[in-house]
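Note on naming: letters A, B, ... go to the chains in the order of the sequence lines (proteins, then strands), and numbering restarts at 1 for each one. Note that the coordinates shown come from a computational prediction; the quantities given were computed from them, not determined experimentally.
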Amino acid sequence: MKLVKSQPWRNPDTVLAQLIQSCARTRNLDRGKQLHAHLVASGATPSTFVANHLISMYAKCGDLYHAIALFDRMPQRNLVTWTAMISSFSQNNKFGDALRTFSSMCAAGIKPTQFALSSAIQASAFFASLEFGKQMHCLSVKLGYDVELFVGSNLADMYSKCGSLVDACRVFDEMPDKDEVAWTAMIDGYTKNGSFEEAIVAFRDMLRGGTVVIDQHLLCSVLSACGGLKAGKLGRCLHSCVVKLGLESDTFIGNALVNMYAKAGDMESASSVVGMNSHGWNVVSCSSLIDGYVEMDQIEEASRAYISSRRQGIEPNEFTFSSMIKACASQAALEQGIQLHAQVMKTSFVRDLFVSSTLIDMYGKCGLLNSSIQVFDEIQHPSDISWNSIVGVFAQHGRGKEAVRALNRMISRGNKPNHITFVSLLMACSHAGLVEEGLEYFYSMNKTCDIEPREEHYACVIDMLGRAGRLEEAREFIAGMPFEPNAYGWCSLLGACRTHGEKELGELAAEKLMKLEPENSGIHILLSSIYASMGQWEDVKAVRKLMRDSRVKKLPGFSWVDVNNKTHMFGAEDWSHPQKEEIYEKLEELMVKIRKAGYVPFTGSMPCNLEESLKERLLHHHSERIAVAFALISMPATKPIIVKKNLRVCVDCHSAIKLISKVEGREIIVRDNARFHHFADGMCSCGDYW
DNA sequence: CTAGGGTTAG
């Protein structure tokens, strides 16, 4: 109003335009509508200039309806009118409409400028449509805007969002001037495509240039890259930068910091950032925090963070649910998993592909194969992630044929298996003894699915041959490999050599393993048990001495079992439980039953030269068996028993529990530190070998 | 009058 009074000689349109503009700036829709109504009431048709302002005002205030209505009724549209309409659509996330309007404009014979191109490229980025994006790029080149600051940044952003980093770089490198927005687009492109090192390198290059402003957008992307690299030190450095620039109160920055620290495993810093300011408690930061705890295997802390977030009034979203369900899977905490599933079903997140995939995995790890399949079957359009989960579950359960069938269905439905799918498939074949099928897939995956076999696939083949007792072939296979097997491969081989009494190859595997994982006591134990099974007590002693000398300690074995939502822990020969009498009685009863069913104690591998009866007794009182006996006397017979162990289940316990599942008619799931065993009716999902 | 970049998952 001041302007009107002080500059009464100005063109009335200019005055009106300025008034409308101020409504747009302050998002004052009511005042904007008033001005519009006033204009209409005066009977005059607004000029194109004024109408353009009105469209822009309506769009900025989120009132697309009136913007469109006005646009449709305009007798004269100029370049800016079209451009304003396109940007109105893209500002309000109507990217399809933005693109349609863009092509109408072109059809009307109006050449787009950098403004319209910018919005149109943004829309192509939204649809992640490389094809359309390339057309836009082409048009930008033709019209001479391709290296312009805004268009260039948009193109780089669009290419990286379409997954084509090469094209993004090409555009970016051609740009003569680059500001912080352009750099952010590029750095974020690297980050989103998993090229974290390149993101950091780009950031350094940018700093070296020295002229670019560092703002919150830029720092967010760099922090995300630090998270990906687990680069806590660099991240902390950037945190100081955030503080110096006074950007701590930015919610996105806070979330990025929490996520960075959580990914780097620095949970203390992550949780302190959450508590630092009023924006700290939000669904993104809490989900990052929870996921950090889950990844660090600190499930108690994860639950605590989840409960605190709920107390703060934060509604969990699909990220939160995924992480919490993942936590249940890692603990084989079936009860809590089911509760989360029930909660998810009350929300729309039940249709989220990440959530359903973690549910499939959780049920699988808790031994409920049918529930996994049910969750999978309820997915309307399974994605690659969904298929990978179900193939993985079949692998865990030793269902080789089902895994193969799932893979074939996956391919025929147009989903593309990746290297993880093939790891699962090969493991499934290995567990089910489908050696020929497994080998066929291994040798053909490169041709049929364009996946070069990696370390882990080679390791699966070693495992497959080893389990089948084809150790000579395993040796040849290793000799023909383009690289040395990884720890998993050598470990499988060592296990197989132990089972099949192959001393020399076992020694080789152990030697390699001790170099790869010198701290791993399991390797020493396995090797000594190979010697023990052959009665080479001198060698057993030598290994023990080696363990002493290199200060490798055998971890004490513990088992856990959840009964009525309470976790009970047992050690070997552990009789501290209040119900010890009943447990002991049950164990004795089980021994009698399984002996009748054909159980023969396997004391051959025990790494000490003890009297047989004592060895047997020691075996019978392994922690996992005590846990199973306890669960049998305290749980309703309908529920599967889930036991968790910190070490590997021993061969003898494996065969004993197999028979216990048969004589007691119970499903027993044992998760040890290496794998998953599902015992039912005298069978185990991991086959006959441990 | 019209345009660009940022945080969480298998």
Side-chain angles (χ1 to χ4, degrees), chain A residues 13-14 17-18 20-21 24 47-57 59 78-88 90-91 112-122 125 145 148-158 160-161 179-189 191-192 215-224 227 247 250-260 262-263 282-292 294-295 317-326 329 352-361 383-389 392 418 420:
Chain A
D13 267 9
T14 315
Q18 278 174 347
I20 297 167
Q21 221 180 345
S47 67
T48 304
F49 179 72
V50 168
N52 289 349
H53 270 95
L54 281 168
I55 290 177
S56 160
M57 183 274 297
N78 63 15
L79 170 66
V80 176
T81 316
W82 283 100
T83 311
M85 199 60 235
I86 294 163
S87 104
S88 298
S90 65
Q91 273 167 30
T113 56
Q114 68 270 44
F115 297 97
L117 281 167
S118 191
S119 297
I121 296 164
Q122 217 186 331
Y145 295 114
E148 186 266 343
L149 188 58
F150 281 53
V151 172
S153 310
N154 278 135
L155 284 170
D157 181 55
M158 178 275 295
S160 69
K161 287 197 170 115
D179 63 0
E180 67 274 17
V181 179
W183 280 104
T184 307
M186 200 59 235
I187 290 172
D188 196 58
T191 308
K192 291 268 160 60
D215 68 4
Q216 62 273 40
H217 298 263
L218 185 49
L219 283 171
C220 262
S221 299
V222 184
L223 283 169
S224 173
L247 297 171
D250 185 282
T251 310
F252 277 59
I253 281 285
N255 294 346
L257 282 170
V258 173
N259 182 49
M260 179 277 295
K263 285 235 176 73
N282 62 56
V283 70
V284 176
S285 63
C286 288
S287 301
S288 292
L289 195 64
I290 291 167
D291 197 65
V294 176
E295 287 296 314
N317 67 7
E318 67 272 37
F319 290 84
T320 330
F321 281 125
S322 288
S323 297
M324 287 304 296
I325 296 165
K326 192 164 64 173
D352 183 85
L353 289 171
F354 281 99
V355 171
S356 52
S357 138
T358 47
L359 280 170
I360 291 169
D361 188 55
S383 68
D384 300 354
I385 307 168
S386 324
W387 284 105
N388 275 359
S389 299
N418 64 11
I420 300 168

Original post:
What about T184(A), does its side chain sit under 3.5 Å from the base of dG5(B) through a donor-acceptor pair?
Top reply: yes
Original post:
Looking only at N and O atoms, is any donor in the side chain of D250(A) or the base of dG6(B) less than 3.5 Å from an acceptor on the other one?
Top reply: yes
**OP:** Name the closest nucleotide to the Q91(A) side chain, picking from dA3(B), dG6(B), dT8(B).
**Re:** dA3(B)
**OP:** Take the protein atom CG of L223(A) and the nucleotide atom P of dT7(B), then report the distance between them rounded to whole Å.
**Re:** 11 Å
**OP:** Classify the side-chain pair S389(A)/D361(A) by whether it contains a donor and acceptor separated by less than 3.5 Å.
**Re:** no
Subject >> Stacking of H217(A) on dG5(B) base (centres under 5.5 Å, planes under 30°) >> reply: yes
**OP:** Report which part of the nucleic acid D361(A) touches: base, sugar-phosphate, or nothing (heavy-atom distance under 4.0 Å, all strands).
**Re:** nothing
**OP:** Using a heavy-atom cut-off of under 4.0 Å over every strand shown, decide if Q21(A) touches base, sugar-phosphate, or nothing.
**Re:** sugar-phosphate
Original post:
Has the side chain of D215(A) got a donor or acceptor that lies under 3.5 Å from a partner of the other kind on the base of dG6(B)?
Top reply: no
**OP:** Please state how far atom CH2 in W82(A) lies from atom P in dA3(B), giving the value in whole angstrom units.
**Re:** 17 Å
Subject >> Derivation and outcome, side-chain hydrogen bond (donor to acceptor under 3.5 Å, both in side chains), residues S287(A) and T320(A) >> reply: CA-CA 5 Å; S287(A) 301; T320(A) 330; 2.9 Å; yes
**OP:** With the side chain of K161(A) defined as its heavy atoms from C-beta on, choose the nearest nucleotide among dG4(B), dG10(B), dG6(B).
**Re:** dG6(B)
**OP:** Output yes when at least one side-chain N/O atom of S386(A) is less than 4.0 Å from OP1 or OP2 of dG10(B), else no.
**Re:** no
Subject >> Check: T81(A)/N78(A) side-chain N/O donor and acceptor closer than 3.5 Å >> reply: yes
Original post:
Among dT7(B), dA9(B), dG4(B), which nucleotide sits nearest the side chain of D188(A)?
Top reply: dT7(B)
**OP:** Please determine, for the side chain of H53(A), which listed nucleotide (dG10(B), dT2(B), dC1(B)) has the closest atom?
**Re:** dC1(B)
**OP:** Have a look at A156(A) and say if it touches a base, only the backbone sugar-phosphate, or nothing, with a 4.0 Å heavy-atom cut-off.
**Re:** nothing
**OP:** Write down the distance between CG (L353(A)) and P (dG10(B)), rounded to a whole number of angstrom.
**Re:** 14 Å
Subject >> Pair of N/O donor and acceptor under 3.5 Å linking dG6(B) base with S221(A) side chain >> reply: no
Original post:
If you look at every strand shown and take non-hydrogen atoms under 4.0 Å, does Q122(A) touch a base, only sugar-phosphate, or nothing?
Top reply: sugar-phosphate
Subject >> Closest to side chain of S56(A), choosing from dT2(B), dA3(B), dG5(B) >> reply: dT2(B)
**OP:** Would you mind reading off the distance between I290(A) atom CD1 and dG10(B) atom C1', rounded to a whole angstrom?
**Re:** 17 Å
Original post:
Could one point to a donor on the side chain of D384(A) or the base of dG10(B) with an acceptor on the other under 3.5 Å away?
Top reply: no
Original post:
Would you say F319(A) stacks on dA9(B), if stacking means ring centres under 5.5 Å apart and planes within less than 30 degrees?
Top reply: no
**OP:** Whole angstrom is fine here: how far is it from CE in M85(A) over to P in dC1(B)?
**Re:** 19 Å
Original post:
If you measure from the ring centre of F115(A) to the centre of the six-membered ring in the base of dA3(B), is it under 5.5 Å, with the planes under 30° apart?
Top reply: no
**OP:** Could you check whether L149(A) gets within reach of a base, just the sugar-phosphate, or nothing at all, counting any heavy atom under 4.0 Å?
**Re:** base
**OP:** Compare the minimum distances between each of dA9(B), dG6(B), dT2(B) and the side chain of K263(A), then state the nucleotide with the smallest one.
**Re:** dA9(B)
Original post:
What nucleic acid atoms does E295(A) come within less than 4.0 Å of, heavy atoms only: base, sugar-phosphate, or nothing?
Top reply: sugar-phosphate
Original post:
So which nucleotide from dA3(B), dT7(B), dA9(B) ends up closest to the side chain of D352(A)?
Top reply: dA9(B)
Original post:
So which nucleotide from dG4(B), dT8(B), dA3(B) ends up closest to the side chain of K192(A)?
Top reply: dT8(B)
Original post:
Rounding to a whole Å, what distance do you find between F252(A):CZ and dG6(B):P?
Top reply: 9 Å
Original post:
Would you say the side-chain atoms of N317(A) and D352(A) include a donor-acceptor pair closer than 3.5 Å?
Top reply: no
**OP:** State, without any angle test, whether T191(A) and S224(A) hold a side-chain donor-acceptor pair at a distance under 3.5 Å.
**Re:** no
Original post:
Would E295(A) and K326(A) satisfy salt bridge (charged side-chain N to carboxylate O under 4.0 Å, His left out), going step by step from the backbone distance to the final call?
Top reply: CA-CA 9 Å; E295(A) 287 296 314; K326(A) 192 164 64 173; 2.9 Å; yes
**OP:** To the nearest Å, give me how far apart CD1 (I187(A)) and P (dT7(B)) are.
**Re:** 12 Å
Original post:
Which part of the nucleic acid, if any, lies within reach of I253(A) when heavy atoms closer than 4.0 Å are counted: base, sugar-phosphate only, or nothing?
Top reply: base
Original post:
Is there a donor in the side chain of D384(A) and an acceptor in the side chain of N418(A), or the other way round, less than 3.5 Å apart?
Top reply: no
Subject >> Per F49(A) side chain, nearest of listed nucleotides dT7(B), dC1(B), dT2(B) >> reply: dC1(B)
Original post:
Which part of the nucleic acid, if any, lies within contact of S323(A), taking any heavy atom under 4.0 Å across all strands shown: a base, the sugar-phosphate backbone alone, or nothing?
Top reply: nothing
**OP:** Take atom CE of M186(A) and atom P of dG5(B), then tell me their distance rounded to the nearest Å.
**Re:** 15 Å
Original post:
Can you find a side-chain donor-acceptor pair between S383(A) and S386(A) that sits under 3.5 Å?
Top reply: yes
